Each structure stands twice: as C-alpha cells, then as structure tokens.
Amino acid sequence: MNNNKVIDIENSSKPDDSEIDDKTWSGKLKKSFRKIHWKEVFIAIGFCILPNIGGFAGSFLTSTAINTWFKSIVKPPWQPPNWLFAPMWVFLYTSMGLASYLVFRYGGRFEKGSKAIIPLAIYGVHLILNWMWTPLFFAWKLLLVSAIEIIFVWLAAIIIGVLFFRVKKAAGLLIIPYVIWLTVASSLNWYIWMYN
C-alpha cells in the first residue's frame with residue numbers, strides 16, 4: 001500500500017474548465033455559469049426590487065379605492081383599463097431599478113468621486129416623491145395636491161433619465177417608458193381634478 005499518495009477531496013469532484021467539453025451545449029452552459037458574477041446578479045435583483053417595495057405598499061391603498069371611490073368619479077376617455085396599471089407599474093419600477101443598478105455599476109458604485117452618487121441620490125428623492133403620490137391621490141383624495149406633486153415626479157424622472165444617460169446610455173433609455181407613462185398619468189390626474 002502506497003501511503004505517499006495525497007488525495008485532494010475538495011477539488012477532486014470539480015472538473016476544471018479544460019476538462020469540460022466546450023463543444024457540447026451543456027459544456028458551454030457549464031462554462032457560462034462559472035463566469036457569472038453571482039454577487040452582481042443579486043445586487044442587480046436588489047436594485048430591481050427596491051422601487052417595487054413602494055409600489056406594492058401603495059397597491060393596498062389603491063385596491064380599496066379602485067373598487068369604491070374611483071369607480072364613481074369622472075375619468076377621461078383616454079384612461080387605460082384598470083387591469084393595465086398593476087403590470088405596467090411592475091414593469092416600470094423594475095426597469096428603473098435596473099437603470100439605477102447600471103448607474104451604480106458603471107458609475108463607480110459609491111466610491112469617492114463616483115459618477116453614480118448624485119444621479120442615485122436624485123433617484124432616491126424621486127422614488128420618495130413617486131411613492132407619495134398614491135396616498136395623496138387614492139387614500140387622502142387630494143386631487144389638486146396629487147396633480148401638482150405628479151408634475152414634480154415627472155420632472156424628476158426626466159432629470160434622472162438625463163443623468164443616468166450620461167453615466168450609461170442604456171440606463172437613460174430605460175427611463176423613457178416611465179416618462180411616457182408619467183405623462184399619461186399626469187394628464188389623467190389633472191383631468192380628474194378638473195372634472196370632479
């Protein structure tokens with residue numbers, strides 16, 4: 001019996017990249033998964049979830065008002081159907097979360113001298129303004145106040161779109177659908193204030 005042979009148990013079951021047949025689909029997939037920076041994936045997911053938190057919290061206020069008060073008020077003819085609002089906001093919040101992650105990643109994170117700090121700070125203020133609109137409109141029914149407030153949300157969205165674009169073009173482009181939706185939402189809010 002040879003006692004000089006050392007077995008590396010920790011690494012014995014893990015083939016290195018040279019042992020994986022990269023000509024097969026599964027081999028290419030295994031190599032791809034090894035190259036993924038999972039920490040970055042989880043950070044990106046966190047950035048995408050963050051804006052949705054306020055959206056989900058606001059949905060509790062919205063769902064009650066939609067079935068009662070909102071049914072009885074005069075609405076503009078161009079109002080989208082009620083079922084569209086929830087999936088649209090999830091899409092928009094996730095898009096702006098992804099955009100903010102891109103700014104974080106490509107703008108230098110929160111390091112000293114980072115290009116990401118000011119855009120992300122303005123984005124944070126913008127999120128608070130965005131989240132405030134729902135209780136103003138649906139819970140407290142302050143139609144004029146919410147109409148004025150949504151203009152500030154819209155302006156902040158344009159500003160973050162421009163600032164994000166300067167850091168990473170894709171991040172700025174991801175804000176465009178949000179600005180378009182806010183334009184529609186602003187027109188709805190102002191119409192509802194004027195005719196109710």
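These numbers come from a predicted model, not from an experiment.
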Could you walk me through whether Val145 and Trp140 pass side-chain contact (heavy atoms from CB on, under 4.5 Å), step by step? CA-CA 10 Å; Val145 174; Trp140 303 318; over 6 Å; no
Whether [X] and [Y] hold their rings parallel, tilted or perpendicular, with breakpoints at 30° and 60°:
X      : Y      : value
Phe85  : Trp181 : perpendicular
Tyr123 : Phe164 : tilted
Tyr191 : Trp78  : perpendicular

Smallest separation among heavy atoms of [X] and [Y], with atom names:
X      : Y      : value
Ser100 : Leu120 : O-CD2, 3.6 Å
Lys75  : Ile192 : CG-CD1, 4.3 Å
His126 : Val153 : CD2-O, 3.9 Å
Trp154 : Ser186 : CB-OG, 4.4 Å
Arg109 : Ser114 : O-OG, 2.7 Å
Leu102 : Lys168 : CB-CG, 4.3 Å

Shared hydrophobic cluster for [X] and [Y] (ILVMFWY, side-chain gaps under 4.5 Å):
X      : Y      : answer
Ile128 : Phe152 : no
Val103 : Ile117 : yes
Ile180 : Phe165 : yes
Ile122 : Met132 : no
Leu92  : Val184 : yes

Spacing of [X] atom [atom1] and [Y] atom [atom2] [to the nearest 0.5 Å]:
X      : Y      : atom1 : atom2 : result
Lys141 : Ser146 : NZ    : OG    : 11.5 Å
Ser59  : Phe138 : OG    : CZ    : 11.0 Å
Trp69  : Phe137 : CH2   : CZ    : 4.0 Å
Trp83  : Ile66  : CH2   : CD1   : 14.0 Å
Ile150 : Ile148 : CD1   : CD1   : 12.0 Å
Leu188 : Thr183 : CG    : OG1   : 11.0 Å

What I'd like to find out is whether the side chain of [X] reaches to under 4.5 Å of the side chain of [Y], using heavy atoms alone.
X      : Y      : value
Leu127 : Leu50  : yes
Leu144 : Trp190 : yes
Leu163 : Val167 : no
Phe47  : Leu98  : no
Met96  : Leu174 : no
Tyr106 : Lys115 : no
Phe70  : Asn82  : yes

Got a donor-acceptor contact below 3.5 angstrom from the Trp131 side chain to the Pro51 backbone?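 Indeed, once roles are kept as given, a pair shorter than 3.5 Å links the two residues.
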For Phe91, does its backbone N or O pair with a side-chain atom of Thr94 as donor and acceptor, under 3.5 Å?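 No; zero donor-acceptor contacts below 3.5 Å.
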Mind checking whether Phe110 and Phe104 have ring centres under 6.0 Å apart?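 Yes - the distance between ring centres of Phe110 and Phe104 falls below the 6.0 Å cut-off.
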Under the ring-ring contact (aromatic ring centres under 6.0 Å, His included) test, residues paired with Phe42 that sit two or more places apart: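 Scan of Phe42 (ring-ring contact (aromatic ring centres under 6.0 Å, His included), adjacent residues dropped) gives none.
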Decide yes or no on side-chain contact (heavy atoms from CB on, under 4.5 Å) for Leu173 and Ile176, but give the supporting numbers first. CA-CA 5 Å; Leu173 295 175; Ile176 291 173; 3.7 Å; yes
Considering residues, nucleotides and ligands other than Ile158, do more than 12 of their heavy atoms fall under 6.0 Å from its CD1?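 Counting neighbours around CD1 of Ile158, more than 12 heavy atoms of other residues, nucleotides or ligands fall under 6.0 Å, so yes.
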